[in-house]
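The model shown is predicted, which means the values in this text are computed figures rather than measured ones. First the proteins, then the strands, lettered A, B, ... as listed; each starts at 1.
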Amino acid sequence: MRKGKKLVTDPLSRSDKRPTDIPSNRDSFFEDVHDVVRQIPSGRITSYGAIARYLGSGLSARMVGWAMNASHVALPPVPAHRVVNRNGILSGKGHFATPSEMEELLRREGIQVINDKVIDFNTLFWDPGIELSLF
DNA sequence: TTCCTGACTCCAG
DNA sequence: CCTGGAGCCAGGA
């Protein structure tokens, strides 16, 4: 029973998760976020929550979105258009240079976008908790 | 210090 | 499918 409260122990969280009170080599967590996003293959997408879970359950999905605000000046470049919300909706499109840029970039990678929503989201979904666990 | 906001997500209805 | 409320954590006023 969940009782409406989020589980503290997430099955996808890793044993090496870093709560915010533990210092790490990369002291800013959006370096981690950018690092994960850079590894999303072309033509694939992931969600804010998936990244948050990969980095540790102590981080919320909102913080991933917050980190993405700095992604447009990060180097090397971060393919921010490959991160959508859990429904496949392009919730971050308003933060691109033009309202259509995010959709255009996705479409260029062969992803169909209709009404601000990614088609076949489930098939194209790239979960860092699964894909990066092979390393 | 408190209060509000947000590129989110989960649950209930 | 949609809506509303709660939880989430960092910044800014």
G-U wobble or Watson-Crick pairing nucleotide for B:dC10 (cut-off 3.5 Å, both distances) = C:dG5
Give the rounded distance in Å between these two atoms: CE of A:Met63 and C1' of B:dA7.
-> 11 Å
Between C1' of C:dC9 and CD1 of A:Ile51, the distance in whole Å | 16 Å
With respect to the side chain of A:Ala61, which nucleotide from B:dT9, B:dA7, C:dA10 is positioned closest?
-> B:dT9
Going by the angle between their ring planes, with limits at 30° and 60°, are A:Phe30 and A:Trp66 parallel, tilted or perpendicular?
-> perpendicular
Between CG of A:Leu105 and C1' of B:dA7 the distance, given in whole Å, is 15 Å
Can you check whether A:Leu132 reaches A:Trp126 side chain to side chain, under 4.5 Å on heavy atoms?
-> yes
Given atom CG of A:Asp116 and atom P of C:dC2, what is their separation to the nearest angstrom?
-> 12 Å
So which nucleotide does C:dA10 pair with, by the Watson-Crick or G-U wobble rule with both distances under 3.5 Å?
-> B:dT5
Roughly, in whole Å, what's the span from CD1 in A:Ile89 to P in B:dA7?
-> 14 Å
Do any N or O atoms from the side chain of A:His34 and from the backbone of A:Ala67 form a donor-acceptor pair under 3.5 angstrom?
-> yes
Regarding the side chain of A:Ala80, the nearest nucleotide among B:dA7, C:dG11, B:dC10 is B:dA7
Salt bridge flag under 4.0 Å for residues A:Glu103 and A:Arg107 | yes
Side-chain touch A:Ser42/A:Arg82, heavy atoms, less than 4.5 angstrom | yes
Nucleotide of C:dC9, B:dC10, B:dA7 approaching A:Arg86 most closely (side-chain heavy atoms) = B:dC10
Euclidean distance, atom CD of residue A:Glu101 to atom P of B:dA7 [Å, nearest integer] | 17 Å
Hey, does the side chain of A:Arg53 come within less than 4.0 Å of B:dC10's phosphate (OP1/OP2), counting only N and O?
-> yes
Nearest to side-chain heavy atoms of A:Lys117, which nucleotide of B:dA7, C:dC1, C:dC8 = C:dC1
For A:Ser71, report the nucleic acid contact type (base, sugar-phosphate, nothing); a contact means any heavy atom under 4.0 Å.
-> base
A:Phe30 CZ to C:dA10 P, straight-line distance once rounded to whole Å = 12 Å
A:Asn87 CG to B:dA7 P: how many Å, rounded?
-> 16 Å
Ignoring the backbone of A:Ser47, work out which of C:dG11, B:dA7, B:dT9 is nearest its side chain.
-> B:dT9
